[in-house]
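In listed order, ligands and their atoms are each counted from 1. This structure is a prediction, so every number in the text was calculated from the model and none was measured.
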Amino acid sequence: MLTDTPGIHHVSVIVRDAAANVAFYTETLGLRLVKRTVNFEDQFTRHLYYGDEHGSPGTVLTFFPYPEEVDGRVGRPQVAATALAVPPESLDYWHDRLSARGIDVERTERFGEATLQFADPDGTRLELVGASSPVEPWADGPVPVEHAIRGIHGVSVLSANPFQTASVLDTLGFDLERQEGDRVRYRASGDRATIVDLLDRESAFGREGAGSVHHVAVRVETVDELHEWRELFADRGYDVSRVKDRHFFHSLYVREPGGILIELATESPGVDGVEPLDELGERLYLPPWLEEDREMIEPQLPPLDR
Ligand code: ZN
């Protein structure tokens, strides 16, 4: 039996500068670097994971730094922005913190939630949304715990075919909640990272590059369910991958007919399932099948220190 996804698992982004990425997400945003590994499809590319203390599903942002990458451009079909949850009373703190670092911040409000819009060093569009979240923030980061980020709030999506994307969201378990202007809100049933806003607006085609979201992943309970989802998508004629072992989870990828690449990923064994909790992200983690090549791989990866 297929069950509805409870929400987003992680969001993965293409960037250029690995060192700038680490500095921004750990020092400025105060997330924990929970995994430094490589792209399992290309072991000479880094793959960096940030999240709460454990790298729990629903809190994780991952980045593929490609030093030669061209600038991306937001447009359809793409995830246009990724929103992170902070306590509503912390918006002023964050406005000051980001501004003091020379980051342009715009305030807005949608669905009654105060929002800050800004970009990371590669132009990745981010938002901090004042919203309640059950996520325990990481207590040992550089941001005071009362203001710290509490996981993913949701994503805003520019589809090439909003009608089709809406249908896929519905199939996955995101229910239409309400509309405000050209923003149509879908919400999953879980307690975190539940929002997908479909932007019903004219937009030029985007270009994938530095600052582009590569895919958004949603949570699935079991590997058996992944195989069932795969069958359902294949029956509909969607472009769907086989079920893959991503070591921290199992997953599959589907290019929905509106053009958004969606991954379905299991919650276990988890980003924290393969290293001691107090050592997450401290050294290059390689899965067993790459470990024997460590001495060849590690020196070829771009540095993380500036
Ligand atoms: Zn992924």
Could you go step by step and tell me if E267 and R219 meet the salt bridge (charged side-chain N to carboxylate O under 4.0 Å, His left out) rule?
CA-CA 6 Å; E267 301 204 28; R219 313 204 286 279; 3.3 Å; yes
Evaluate H247 against Y285 for ring pair (Phe, Tyr, Trp, His ring centres under 6.0 Å), listing each step before the verdict.
CA-CA 11 Å; H247 199 53; Y285 179 83; 5.7 Å; yes
Does a donor on one side chain sit under 3.5 Å from an acceptor on the other, for Y186 and D175?
no
Side chains of T171 and R236: is there a donor and an acceptor less than 3.5 Å apart?
yes
Hey, can you tell me if W229 and F233 have their rings parallel, tilted or perpendicular (30° and 60° cut-offs)?
parallel
R107 side chain reached by Q117 side chain, heavy atoms, under 4.5 Å:
no
Within the 2.8 Å cut-off the protein N, O or S neighbours of the Zn ion (ligand 1) are H10 NE2, H215 NE2, E263 OE1
